[in-house]
Protein chains: 2
Amino acid sequence: MSKPTIRLSVDAVVFGYDSKHGLSVLLIKRKYDPFQGQWAIPGGLVLENESLENAVERELQEETGIHVNYLEQLYTFGKPGRDPRNRVVTVAYYGLVNQGNFELYADTDAEEAQWFNVAELPKLAFDHDAILDVAIERLKGKISYEPIGFELLGEKFPFSELHKLYETVYGMSIDRRNFKKKFLQLNILEELDEKVSQGKGRPGSLFRFNQKKYFDLKKQGMNFDI
Amino acid sequence: MSKPTIRLSVDAVVFGYDSKHGLSVLLIKRKYDPFQGQWAIPGGLVLENESLENAVERELQEETGIHVNYLEQLYTFGKPGRDPRNRVVTVAYYGLVNQGNFELYADTDAEEAQWFNVAELPKLAFDHDAILDVAIERLKGKISYEPIGFELLGEKFPFSELHKLYETVYGMSIDRRNFKKKFLQLNILEELDEKVSQGKGRPGSLFRFNQKKYFDLKKQGMNFDI
DNA sequence: GCAAAAGTGTTCCTTTTACACCCATGC
DNA sequence: GCATGGGTGTAAAAGGAACACTTTTGC
(Lines give C-alpha, C1' and ligand atoms only; values in the text may rest on other atoms or scores of the structure.)
Protein backbone atom coordinates (compact mmCIF):
# COMPACT_ATOMS: atom_id res chain seq x y z
CA MET A 1 0.00 0.00 0.00
CA SER A 2 1.66 3.22 -1.15
CA LYS A 3 1.55 6.29 1.06
CA PRO A 4 -1.27 8.44 -0.23
CA THR A 5 0.19 11.35 -2.14
CA ILE A 6 -3.04 12.21 -3.80
CA ARG A 7 -3.66 15.93 -4.10
CA LEU A 8 -7.06 17.48 -3.75
CA SER A 9 -8.25 20.44 -5.73
CA VAL A 10 -11.51 22.23 -6.38
CA ASP A 11 -12.74 23.64 -9.68
CA ALA A 12 -15.71 25.84 -10.40
CA VAL A 13 -17.87 26.23 -13.46
CA VAL A 14 -19.29 29.72 -13.13
CA PHE A 15 -22.36 30.52 -15.20
CA GLY A 16 -23.54 33.97 -16.13
CA TYR A 17 -26.50 35.00 -18.17
CA ASP A 18 -27.91 37.95 -19.95
CA SER A 19 -30.55 38.03 -22.60
CA LYS A 20 -28.17 39.54 -25.12
CA HIS A 21 -25.22 37.14 -24.75
CA GLY A 22 -27.12 34.10 -23.56
CA LEU A 23 -25.57 31.62 -21.17
CA SER A 24 -21.87 32.05 -20.53
CA VAL A 25 -19.09 30.41 -18.58
CA LEU A 26 -16.14 32.10 -16.93
CA LEU A 27 -12.76 30.68 -18.00
CA ILE A 28 -9.17 31.55 -17.21
CA LYS A 29 -6.12 31.33 -19.38
CA ARG A 30 -3.47 29.10 -17.85
CA LYS A 31 -0.14 30.82 -17.15
CA TYR A 32 1.95 27.72 -16.55
CA ASP A 33 2.43 24.24 -17.84
CA PRO A 34 0.76 21.90 -18.25
CA PHE A 35 -1.66 23.33 -20.79
CA GLN A 36 0.01 26.74 -20.65
CA GLY A 37 -1.98 29.27 -22.64
CA GLN A 38 -5.07 27.10 -22.81
CA TRP A 39 -8.40 27.97 -21.30
CA ALA A 40 -9.53 26.21 -18.16
CA ILE A 41 -12.14 26.51 -15.50
CA PRO A 42 -10.89 28.30 -12.38
CA GLY A 43 -9.68 26.22 -9.45
CA GLY A 44 -6.73 25.09 -7.38
CA LEU A 45 -5.50 23.01 -4.49
CA VAL A 46 -7.46 22.85 -1.26
CA LEU A 47 -5.59 24.09 1.81
CA GLU A 48 -5.39 21.89 4.86
CA ASN A 49 -7.76 23.81 7.07
CA GLU A 50 -10.33 25.23 4.75
CA SER A 51 -13.60 23.75 3.71
CA LEU A 52 -14.15 22.81 0.09
CA GLU A 53 -16.59 25.68 -0.37
CA ASN A 54 -14.08 28.14 1.05
CA ALA A 55 -11.45 26.81 -1.28
CA VAL A 56 -13.71 27.42 -4.26
CA GLU A 57 -14.58 30.93 -3.17
CA ARG A 58 -10.95 31.74 -2.47
CA GLU A 59 -9.75 30.46 -5.84
CA LEU A 60 -12.50 32.33 -7.65
CA GLN A 61 -11.59 35.50 -5.85
CA GLU A 62 -7.88 35.06 -6.59
CA GLU A 63 -8.21 34.07 -10.20
CA THR A 64 -11.18 36.06 -11.41
CA GLY A 65 -12.22 38.49 -8.68
CA ILE A 66 -15.78 37.33 -8.98
CA HIS A 67 -18.26 36.60 -6.23
CA VAL A 68 -20.80 33.89 -6.92
CA ASN A 69 -24.36 34.14 -5.90
CA TYR A 70 -25.00 30.45 -5.62
CA LEU A 71 -22.59 27.58 -5.30
CA GLU A 72 -23.28 23.88 -5.41
CA GLN A 73 -21.14 20.80 -5.52
CA LEU A 74 -21.27 19.08 -8.88
CA TYR A 75 -19.20 15.93 -8.99
CA THR A 76 -15.76 14.67 -8.04
CA PHE A 77 -13.40 13.74 -10.85
CA GLY A 78 -10.62 11.43 -9.85
CA LYS A 79 -9.50 9.21 -12.69
CA PRO A 80 -5.73 8.57 -12.48
CA GLY A 81 -4.03 10.46 -15.29
CA ARG A 82 -6.44 13.35 -15.52
CA ASP A 83 -3.53 15.58 -14.48
CA PRO A 84 -0.31 14.61 -16.35
CA ARG A 85 1.91 15.50 -13.39
CA ASN A 86 0.45 14.01 -10.25
CA ARG A 87 -2.61 12.26 -9.08
CA VAL A 88 -5.04 15.10 -8.52
CA VAL A 89 -8.62 14.48 -7.54
CA THR A 90 -10.82 17.49 -8.02
CA VAL A 91 -14.14 18.32 -6.47
CA ALA A 92 -16.02 20.31 -9.08
CA TYR A 93 -18.60 22.94 -8.19
CA TYR A 94 -20.82 25.08 -10.27
CA GLY A 95 -21.80 28.61 -9.45
CA LEU A 96 -24.24 31.18 -10.69
CA VAL A 97 -23.60 34.92 -10.78
CA ASN A 98 -26.22 37.52 -11.34
CA GLN A 99 -26.24 40.19 -13.95
CA GLY A 100 -24.86 42.82 -11.59
CA ASN A 101 -21.61 40.88 -11.31
CA PHE A 102 -21.62 39.88 -14.89
CA GLU A 103 -19.79 42.81 -16.37
CA LEU A 104 -16.43 41.41 -17.42
CA TYR A 105 -17.73 41.39 -20.98
CA ALA A 106 -16.87 45.06 -21.19
CA ASP A 107 -13.28 44.53 -19.99
CA THR A 108 -11.83 43.54 -23.31
CA ASP A 109 -8.36 43.90 -21.84
CA ALA A 110 -9.02 41.08 -19.40
CA GLU A 111 -6.45 38.60 -20.64
CA GLU A 112 -6.73 36.12 -17.87
CA ALA A 113 -10.42 35.69 -17.16
CA GLN A 114 -13.07 35.84 -19.81
CA TRP A 115 -16.67 34.91 -20.39
CA PHE A 116 -17.45 32.43 -23.16
CA ASN A 117 -20.82 31.62 -24.51
CA VAL A 118 -21.56 27.97 -23.82
CA ALA A 119 -22.16 27.42 -27.51
CA GLU A 120 -18.73 28.75 -28.46
CA LEU A 121 -16.32 27.16 -26.06
CA PRO A 122 -12.63 26.74 -26.80
CA LYS A 123 -10.83 23.46 -26.20
CA LEU A 124 -10.21 23.25 -22.49
CA ALA A 125 -7.28 22.03 -20.40
CA PHE A 126 -7.31 18.72 -18.48
CA ASP A 127 -10.72 17.03 -18.46
CA HIS A 128 -12.46 20.35 -18.06
CA ASP A 129 -14.63 19.76 -21.14
CA ALA A 130 -16.16 16.81 -19.35
CA ILE A 131 -16.66 18.83 -16.18
CA LEU A 132 -18.37 21.55 -18.14
CA ASP A 133 -20.68 19.08 -19.83
CA VAL A 134 -21.73 17.71 -16.47
CA ALA A 135 -22.28 21.24 -15.19
CA ILE A 136 -24.52 22.19 -18.09
CA GLU A 137 -26.56 19.05 -17.68
CA ARG A 138 -26.91 19.71 -13.99
CA LEU A 139 -27.99 23.27 -14.56
CA LYS A 140 -30.61 22.14 -17.07
CA GLY A 141 -31.95 19.62 -14.64
CA LYS A 142 -31.85 21.68 -11.51
CA ILE A 143 -33.40 24.82 -12.92
CA SER A 144 -36.53 22.78 -13.58
CA TYR A 145 -37.19 21.82 -10.00
CA GLU A 146 -35.43 24.46 -7.91
CA PRO A 147 -35.78 28.21 -8.32
CA ILE A 148 -32.11 28.78 -9.03
CA GLY A 149 -32.67 30.67 -12.26
CA PHE A 150 -33.16 33.88 -10.31
CA GLU A 151 -29.53 33.72 -9.24
CA LEU A 152 -28.65 34.42 -12.85
CA LEU A 153 -30.93 37.45 -13.14
CA GLY A 154 -30.92 40.77 -11.39
CA GLU A 155 -33.05 41.34 -8.33
CA LYS A 156 -35.77 42.83 -10.51
CA PHE A 157 -36.38 41.59 -14.02
CA PRO A 158 -39.01 41.83 -16.70
CA PHE A 159 -40.82 38.58 -17.19
CA SER A 160 -39.43 38.17 -20.65
CA GLU A 161 -35.95 37.79 -19.16
CA LEU A 162 -37.05 34.82 -17.15
CA HIS A 163 -38.76 33.37 -20.16
CA LYS A 164 -35.70 33.77 -22.37
CA LEU A 165 -33.48 32.31 -19.67
CA TYR A 166 -35.48 29.09 -19.60
CA GLU A 167 -35.60 28.95 -23.37
CA THR A 168 -31.83 29.36 -23.48
CA VAL A 169 -31.04 26.77 -20.84
CA TYR A 170 -33.49 24.22 -22.18
CA GLY A 171 -32.46 24.95 -25.75
CA MET A 172 -36.04 25.07 -26.98
CA SER A 173 -38.81 27.56 -27.37
CA ILE A 174 -41.52 27.70 -24.75
CA ASP A 175 -44.98 29.14 -25.26
CA ARG A 176 -44.96 32.57 -23.68
CA ARG A 177 -48.51 32.47 -22.33
CA ASN A 178 -48.33 28.98 -20.88
CA PHE A 179 -44.97 29.68 -19.30
CA LYS A 180 -46.20 32.84 -17.63
CA LYS A 181 -49.41 31.25 -16.44
CA LYS A 182 -47.56 28.31 -14.92
CA PHE A 183 -44.90 30.44 -13.28
CA LEU A 184 -47.33 32.94 -11.81
CA GLN A 185 -49.48 30.13 -10.42
CA LEU A 186 -46.53 29.17 -8.24
CA ASN A 187 -47.17 32.42 -6.45
CA ILE A 188 -43.54 33.15 -5.69
CA LEU A 189 -43.14 36.24 -7.87
CA GLU A 190 -44.12 39.79 -7.01
CA GLU A 191 -45.13 42.08 -9.79
CA LEU A 192 -43.77 45.55 -9.12
CA ASP A 193 -45.23 48.87 -10.17
CA GLU A 194 -42.15 49.76 -12.18
CA LYS A 195 -42.12 49.15 -15.88
CA VAL A 196 -39.10 48.91 -18.08
CA SER A 197 -38.66 49.13 -21.82
CA GLN A 198 -36.42 46.79 -23.75
CA GLY A 199 -35.66 49.53 -26.25
CA LYS A 200 -38.58 48.81 -28.49
CA GLY A 201 -42.07 47.55 -28.01
CA ARG A 202 -44.36 47.91 -25.06
CA PRO A 203 -42.58 48.17 -21.70
CA GLY A 204 -43.14 45.28 -19.30
CA SER A 205 -43.57 45.14 -15.54
CA LEU A 206 -40.65 44.20 -13.37
CA PHE A 207 -40.90 41.13 -11.19
CA ARG A 208 -39.08 40.05 -8.08
CA PHE A 209 -38.58 36.57 -6.66
CA ASN A 210 -39.94 36.31 -3.13
CA GLN A 211 -37.66 33.80 -1.48
CA LYS A 212 -39.44 33.83 1.86
CA LYS A 213 -42.73 33.05 0.20
CA TYR A 214 -41.06 30.25 -1.71
CA PHE A 215 -39.72 28.63 1.47
CA ASP A 216 -43.06 29.00 3.22
CA LEU A 217 -44.95 27.41 0.36
CA LYS A 218 -42.34 24.70 0.04
CA LYS A 219 -42.74 23.85 3.71
CA GLN A 220 -46.45 23.46 3.02
CA GLY A 221 -45.69 20.92 0.32
CA MET A 222 -45.64 23.10 -2.77
CA ASN A 223 -43.52 21.79 -5.57
CA PHE A 224 -41.50 24.05 -7.85
CA ASP A 225 -41.61 22.44 -11.27
CA ILE A 226 -41.23 24.34 -14.51
CA MET B 1 0.42 27.86 2.31
CA SER B 2 0.79 24.52 4.06
CA LYS B 3 1.80 21.45 2.11
CA PRO B 4 -1.36 19.54 1.35
CA THR B 5 -1.56 16.55 3.65
CA ILE B 6 -5.21 15.97 2.99
CA ARG B 7 -6.15 12.32 2.77
CA LEU B 8 -8.72 11.01 0.39
CA SER B 9 -11.08 8.19 1.15
CA VAL B 10 -14.18 6.64 -0.35
CA ASP B 11 -17.25 5.39 1.49
CA ALA B 12 -20.20 3.44 0.20
CA VAL B 13 -23.79 3.27 1.31
CA VAL B 14 -24.98 -0.12 0.08
CA PHE B 15 -28.71 -0.65 -0.14
CA GLY B 16 -30.44 -3.99 -0.22
CA TYR B 17 -34.11 -4.76 -0.41
CA ASP B 18 -36.51 -7.57 0.05
CA SER B 19 -40.20 -7.39 0.58
CA LYS B 20 -39.92 -9.03 3.99
CA HIS B 21 -37.18 -6.86 5.51
CA GLY B 22 -37.77 -3.70 3.54
CA LEU B 23 -34.93 -1.39 2.63
CA SER B 24 -31.66 -2.11 4.35
CA VAL B 25 -28.15 -0.72 4.51
CA LEU B 26 -24.92 -2.65 4.96
CA LEU B 27 -22.80 -1.45 7.88
CA ILE B 28 -19.54 -2.60 9.41
CA LYS B 29 -18.42 -2.54 13.00
CA ARG B 30 -15.24 -0.54 13.46
CA LYS B 31 -12.31 -2.50 14.84
CA TYR B 32 -10.07 0.43 15.73
CA ASP B 33 -10.23 3.90 17.14
CA PRO B 34 -11.64 6.38 16.53
CA PHE B 35 -15.21 5.16 17.03
CA GLN B 36 -14.05 1.63 17.85
CA GLY B 37 -17.00 -0.71 18.15
CA GLN B 38 -19.39 1.69 16.47
CA TRP B 39 -21.16 1.02 13.24
CA ALA B 40 -20.02 2.79 10.11
CA ILE B 41 -20.51 2.61 6.40
CA PRO B 42 -17.74 0.68 4.61
CA GLY B 43 -14.88 2.61 3.08
CA GLY B 44 -11.20 3.47 3.24
CA LEU B 45 -8.33 5.40 1.76
CA VAL B 46 -7.89 5.62 -1.99
CA LEU B 47 -4.65 4.18 -3.32
CA GLU B 48 -2.47 6.27 -5.55
CA ASN B 49 -3.15 4.49 -8.79
CA GLU B 50 -6.68 3.31 -8.55
CA SER B 51 -9.81 5.06 -9.68
CA LEU B 52 -12.37 6.12 -7.11
CA GLU B 53 -14.78 3.44 -8.30
CA ASN B 54 -12.12 0.77 -7.98
CA ALA B 55 -11.35 1.97 -4.49
CA VAL B 56 -15.00 1.58 -3.52
CA GLU B 57 -15.26 -1.88 -5.00
CA ARG B 58 -12.02 -2.98 -3.37
CA GLU B 59 -13.03 -1.71 0.04
CA LEU B 60 -16.44 -3.33 -0.22
CA GLN B 61 -14.84 -6.59 -1.18
CA GLU B 62 -12.33 -6.42 1.68
CA GLU B 63 -14.73 -5.33 4.36
CA THR B 64 -17.95 -7.07 3.47
CA GLY B 65 -17.29 -9.49 0.61
CA ILE B 66 -20.20 -8.06 -1.31
CA HIS B 67 -20.45 -7.20 -4.96
CA VAL B 68 -22.69 -4.29 -5.89
CA ASN B 69 -24.90 -4.30 -8.87
CA TYR B 70 -24.99 -0.58 -9.38
CA LEU B 71 -22.67 2.10 -8.08
CA GLU B 72 -23.02 5.84 -8.30
CA GLN B 73 -21.19 8.75 -6.83
CA LEU B 74 -23.20 10.53 -4.20
CA TYR B 75 -21.42 13.54 -2.78
CA THR B 76 -18.02 14.54 -1.42
CA PHE B 77 -17.80 15.35 2.27
CA GLY B 78 -14.83 17.45 3.21
CA LYS B 79 -15.49 19.66 6.20
CA PRO B 80 -12.34 19.99 8.34
CA GLY B 81 -12.83 18.07 11.57
CA ARG B 82 -15.09 15.35 10.22
CA ASP B 83 -12.32 12.90 11.10
CA PRO B 84 -10.86 13.67 14.52
CA ARG B 85 -7.35 12.55 13.54
CA ASN B 86 -6.48 14.08 10.19
CA ARG B 87 -8.08 16.03 7.44
CA VAL B 88 -9.85 13.35 5.46
CA VAL B 89 -12.03 14.20 2.52
CA THR B 90 -14.29 11.37 1.48
CA VAL B 91 -16.04 10.73 -1.78
CA ALA B 92 -19.25 8.95 -0.90
CA TYR B 93 -20.94 6.49 -3.23
CA TYR B 94 -24.12 4.55 -2.99
CA GLY B 95 -24.63 1.09 -4.34
CA LEU B 96 -27.51 -1.26 -4.90
CA VAL B 97 -27.32 -5.03 -4.56
CA ASN B 98 -29.93 -7.44 -5.75
CA GLN B 99 -31.70 -10.03 -3.75
CA GLY B 100 -29.39 -12.83 -4.84
CA ASN B 101 -26.48 -11.15 -3.09
CA PHE B 102 -28.59 -10.07 -0.22
CA GLU B 103 -28.20 -13.10 1.98
CA LEU B 104 -26.06 -11.92 4.85
CA TYR B 105 -29.21 -11.70 6.93
CA ALA B 106 -28.92 -15.41 7.57
CA ASP B 107 -25.31 -15.17 8.79
CA THR B 108 -26.09 -14.26 12.34
CA ASP B 109 -22.46 -14.89 13.21
CA ALA B 110 -21.39 -12.05 10.96
CA GLU B 111 -19.94 -9.75 13.58
CA GLU B 112 -18.32 -7.29 11.28
CA ALA B 113 -20.78 -6.62 8.51
CA GLN B 114 -24.52 -6.53 8.98
CA TRP B 115 -27.65 -5.34 7.31
CA PHE B 116 -29.77 -2.75 9.10
CA ASN B 117 -33.21 -1.67 8.15
CA VAL B 118 -33.11 2.01 7.26
CA ALA B 119 -35.79 2.68 9.85
CA GLU B 120 -33.74 1.13 12.65
CA LEU B 121 -30.27 2.48 12.22
CA PRO B 122 -27.76 2.65 15.05
CA LYS B 123 -25.75 5.78 15.76
CA LEU B 124 -22.97 5.87 13.21
CA ALA B 125 -19.32 6.85 13.35
CA PHE B 126 -17.94 10.10 11.90
CA ASP B 127 -20.51 12.05 9.86
CA HIS B 128 -21.88 8.84 8.40
CA ASP B 129 -25.41 9.65 9.55
CA ALA B 130 -25.35 12.66 7.28
CA ILE B 131 -23.96 10.62 4.40
CA LEU B 132 -26.69 8.07 4.85
CA ASP B 133 -29.37 10.74 4.86
CA VAL B 134 -28.08 12.10 1.60
CA ALA B 135 -27.98 8.61 0.14
CA ILE B 136 -31.57 7.87 1.07
CA GLU B 137 -32.74 11.16 -0.40
CA ARG B 138 -30.82 10.46 -3.58
CA LEU B 139 -32.28 6.99 -3.88
CA LYS B 140 -35.78 8.38 -3.42
CA GLY B 141 -35.20 10.94 -6.08
CA LYS B 142 -33.38 8.80 -8.58
CA ILE B 143 -35.69 5.82 -8.48
CA SER B 144 -38.43 8.09 -9.79
CA TYR B 145 -36.70 9.02 -13.02
CA GLU B 146 -34.23 6.22 -13.69
CA PRO B 147 -35.02 2.51 -13.68
CA ILE B 148 -32.58 1.68 -10.90
CA GLY B 149 -35.13 -0.09 -8.75
CA PHE B 150 -34.54 -3.29 -10.69
CA GLU B 151 -31.00 -3.42 -9.33
CA LEU B 152 -32.54 -4.12 -5.95
CA LEU B 153 -34.73 -6.96 -7.19
CA GLY B 154 -33.89 -10.30 -8.67
CA GLU B 155 -33.81 -10.79 -12.42
CA LYS B 156 -37.39 -12.02 -12.36
CA PHE B 157 -39.87 -10.67 -9.88
CA PRO B 158 -43.61 -10.67 -9.33
CA PHE B 159 -45.12 -7.28 -9.96
CA SER B 160 -46.09 -6.91 -6.34
CA GLU B 161 -42.39 -6.83 -5.41
CA LEU B 162 -41.84 -3.82 -7.60
CA HIS B 163 -44.92 -2.19 -6.20
CA LYS B 164 -43.85 -2.74 -2.60
CA LEU B 165 -40.35 -1.51 -3.38
CA TYR B 166 -41.67 1.84 -4.55
CA GLU B 167 -44.04 2.07 -1.61
CA THR B 168 -41.15 1.38 0.74
CA VAL B 169 -38.74 3.85 -0.82
CA TYR B 170 -41.33 6.59 -1.16
CA GLY B 171 -42.70 5.87 2.28
CA MET B 172 -46.29 6.04 1.11
CA SER B 173 -48.92 3.76 -0.32
CA ILE B 174 -49.47 3.78 -4.06
CA ASP B 175 -52.61 2.62 -5.78
CA ARG B 176 -51.87 -0.83 -7.13
CA ARG B 177 -53.89 -0.48 -10.34
CA ASN B 178 -52.63 2.95 -11.29
CA PHE B 179 -49.06 1.95 -10.55
CA LYS B 180 -49.27 -1.15 -12.68
CA LYS B 181 -50.98 0.67 -15.54
CA LYS B 182 -48.37 3.41 -15.55
CA PHE B 183 -45.43 1.05 -15.30
CA LEU B 184 -46.65 -1.28 -18.01
CA GLN B 185 -47.31 1.65 -20.32
CA LEU B 186 -43.58 2.34 -20.26
CA ASN B 187 -43.22 -0.88 -22.16
CA ILE B 188 -39.94 -1.90 -20.58
CA LEU B 189 -41.17 -4.97 -18.72
CA GLU B 190 -41.68 -8.44 -20.09
CA GLU B 191 -44.34 -10.61 -18.55
CA LEU B 192 -43.10 -14.18 -18.35
CA ASP B 193 -45.14 -17.34 -18.48
CA GLU B 194 -43.98 -18.41 -15.05
CA LYS B 195 -46.14 -17.72 -12.08
CA VAL B 196 -45.05 -17.66 -8.50
CA SER B 197 -46.98 -17.85 -5.26
CA GLN B 198 -46.19 -15.64 -2.30
CA GLY B 199 -47.29 -18.37 0.08
CA LYS B 200 -50.89 -17.38 0.15
CA GLY B 201 -53.29 -15.87 -2.30
CA ARG B 202 -53.37 -16.11 -6.04
CA PRO B 203 -49.96 -16.59 -7.69
CA GLY B 204 -48.73 -13.75 -9.87
CA SER B 205 -46.79 -13.65 -13.13
CA LEU B 206 -43.10 -12.98 -13.03
CA PHE B 207 -41.75 -9.95 -14.85
CA ARG B 208 -38.35 -9.07 -16.20
CA PHE B 209 -36.83 -5.66 -16.92
CA ASN B 210 -35.76 -5.35 -20.56
CA GLN B 211 -32.76 -3.05 -20.41
CA LYS B 212 -32.16 -3.02 -24.13
CA LYS B 213 -35.72 -1.96 -24.78
CA TYR B 214 -35.34 0.75 -22.18
CA PHE B 215 -32.24 2.19 -23.83
CA ASP B 216 -33.86 2.05 -27.25
CA LEU B 217 -36.97 3.82 -26.08
CA LYS B 218 -34.91 6.35 -24.14
CA LYS B 219 -32.95 7.16 -27.29
CA GLN B 220 -36.28 7.84 -28.98
CA GLY B 221 -37.15 10.36 -26.31
CA MET B 222 -39.14 8.24 -23.89
CA ASN B 223 -39.05 9.43 -20.33
CA PHE B 224 -38.98 7.09 -17.38
CA ASP B 225 -41.03 8.76 -14.67
CA ILE B 226 -42.83 6.91 -11.90
C1' DG C 1 -65.70 -21.75 2.42
C1' DC C 2 -62.73 -18.33 3.88
C1' DA C 3 -58.71 -15.52 3.80
C1' DA C 4 -55.26 -13.54 1.00
C1' DA C 5 -53.23 -11.73 -2.97
C1' DA C 6 -53.62 -10.95 -8.23
C1' DG C 7 -55.98 -9.24 -12.17
C1' DT C 8 -58.62 -5.81 -14.54
C1' DG C 9 -61.62 -0.71 -16.54
C1' DT C 10 -64.12 3.45 -16.06
C1' DT C 11 -65.10 7.98 -14.52
C1' DC C 12 -63.75 12.32 -12.95
C1' DC C 13 -60.68 15.88 -12.40
C1' DT C 14 -56.46 18.31 -13.09
C1' DT C 15 -52.91 19.67 -15.98
C1' DT C 16 -50.99 20.65 -20.27
C1' DT C 17 -51.11 22.14 -24.78
C1' DA C 18 -52.39 24.81 -28.66
C1' DC C 19 -53.57 28.95 -30.28
C1' DA C 20 -54.93 34.76 -31.75
C1' DC C 21 -55.96 39.24 -30.84
C1' DC C 22 -55.31 43.78 -28.71
C1' DC C 23 -52.16 47.20 -26.31
C1' DA C 24 -48.28 50.39 -25.39
C1' DT C 25 -44.22 52.24 -26.91
C1' DG C 26 -40.16 54.11 -30.19
C1' DC C 27 -39.09 55.63 -34.40
C1' DG D 1 -48.42 54.35 -39.02
C1' DC D 2 -45.61 50.58 -38.54
C1' DA D 3 -42.65 47.51 -36.19
C1' DT D 4 -41.74 45.44 -31.86
C1' DG D 5 -42.53 43.29 -27.75
C1' DG D 6 -46.11 42.88 -23.69
C1' DG D 7 -50.48 41.41 -21.99
C1' DT D 8 -54.34 38.22 -21.76
C1' DG D 9 -58.25 33.69 -22.15
C1' DT D 10 -60.36 29.55 -23.95
C1' DA D 11 -61.06 25.04 -25.75
C1' DA D 12 -59.35 20.42 -26.60
C1' DA D 13 -56.45 16.67 -25.20
C1' DA D 14 -53.79 14.08 -22.21
C1' DG D 15 -52.51 12.41 -17.92
C1' DG D 16 -53.36 11.37 -13.10
C1' DA D 17 -56.34 10.03 -9.24
C1' DA D 18 -60.04 7.60 -7.30
C1' DC D 19 -62.35 3.58 -6.98
C1' DA D 20 -64.80 -2.24 -6.68
C1' DC D 21 -65.45 -6.53 -8.10
C1' DT D 22 -63.85 -11.08 -9.78
C1' DT D 23 -60.30 -14.83 -9.89
C1' DT D 24 -56.96 -18.09 -8.11
C1' DT D 25 -54.73 -20.27 -4.69
C1' DG D 26 -53.66 -22.40 0.41
C1' DC D 27 -55.53 -23.93 4.36
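Keep in mind that the numbers below use all heavy atoms, side chains included, and drop hydrogens, waters and symmetry copies. Chain letters run A, B, ... following the sequence lines, proteins first and then strands; every chain starts at 1.
Among the protein residues, A:K181 comes within range of the nucleic acid bases, having at least one heavy atom under 4.0 Å from a base atom.
If you run side-chain contact (heavy atoms from CB on, under 4.5 Å) between A:V13 and each of A:L27, A:V134, A:L26, A:L132, only A:L132 comes through. Applying side-chain contact (heavy atoms from CB on, under 4.5 Å) to B:L124 and the options B:D129, B:I131, B:V25 leaves one that passes, B:D129. Applying the side-chain hydrogen bond (donor to acceptor under 3.5 Å, both in side chains) test between B:T90 and each of B:D11, B:T76, B:D127 identifies B:D11 as the sole match.
In this view, A:R176 satisfies the salt bridge (Lys or Arg N to Asp or Glu O under 4.0 Å) rule with no residue, not counting sequence neighbours. Not a single side chain to side chain donor-acceptor pair (under 3.5 Å) links B:S197 to another residue, sequence neighbours left out. Take B:E53 and apply the side chain to side chain donor-acceptor pair (under 3.5 Å) test, not counting sequence neighbours, and it matches B:Y93. Shown here are the side chain to side chain contact (heavy atoms under 4.5 Å, CB included) partners of A:K142, two or more places apart in sequence or in another chain: A:Y70, A:E72, A:Y94, A:Y145, A:E146, A:I148. Taking B:E194 as the reference, B:K156 meet the side chain to side chain donor-acceptor pair (under 3.5 Å) condition, with sequence neighbours excluded.
Taking 4.0 Å as the cutoff to heavy atoms of chain A, we find the contact window on DNA chain C bounded by C:dT17 to C:dG26. Where DNA chain D meets chain A (any atom under 4.0 Å from a heavy atom), the bounding nucleotides read 5' to 3' are D:dT4 to D:dT10.
Taken residue by residue, residues 188-208 of chain B places heavy atoms nearer than 4.0 Å to DNA chain C at B:K200, B:G201, B:R202, B:P203, B:G204, B:S205. Applying a 4.0 Å cut-off to non-hydrogen atoms, the residues of residues 163-179 of chain A that approach DNA chain D are A:R176, A:R177, listed by residue number. Listed in residue order, the members of residues 219-226 of chain A having a heavy atom less than 4.0 Å from DNA chain D come to none.
Between the A:N69 side chain and the A:E151 main chain, a donor and an acceptor come within less than 3.5 Å of each other. Judged by distance alone, with hydrogens and angles left aside, the side-chain atoms of A:N117 form a donor-acceptor pair with the main-chain N or O of A:H21 at under 3.5 Å. At least one donor-acceptor pair under 3.5 Å links the side chain of B:H128 to the backbone N or O of B:I41. Judged purely by atom type and a 3.5 angstrom limit, A:R30 has no side-chain atom pairing as donor or acceptor with the backbone of A:A125.
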Determine all donor-acceptor pairs shorter than 3.5 Å in which one atom belongs to a side chain in residues 215-226 of chain B; sequence neighbours excluded.
unit_1	atom_1	unit_2	atom_2	d
B:D216	OD2	B:K212	NZ	2.9

Would you list the atom pairs, donor with acceptor, under 3.5 Å between side chains in residues 158-165 of chain B and any protein atom, with sequence neighbours excluded?
unit_1	atom_1	unit_2	atom_2	d
B:E161	OE1	B:Q99	NE2	3.3
B:E161	OE2	B:S19	OG	2.7
B:H163	NE2	B:E167	OE2	3.4
B:H163	NE2	B:I174	O	2.7

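Ring orientation note: the planes of B:F209 and B:Y214 are tilted relative to one another, at an angle of 30° to 60°.
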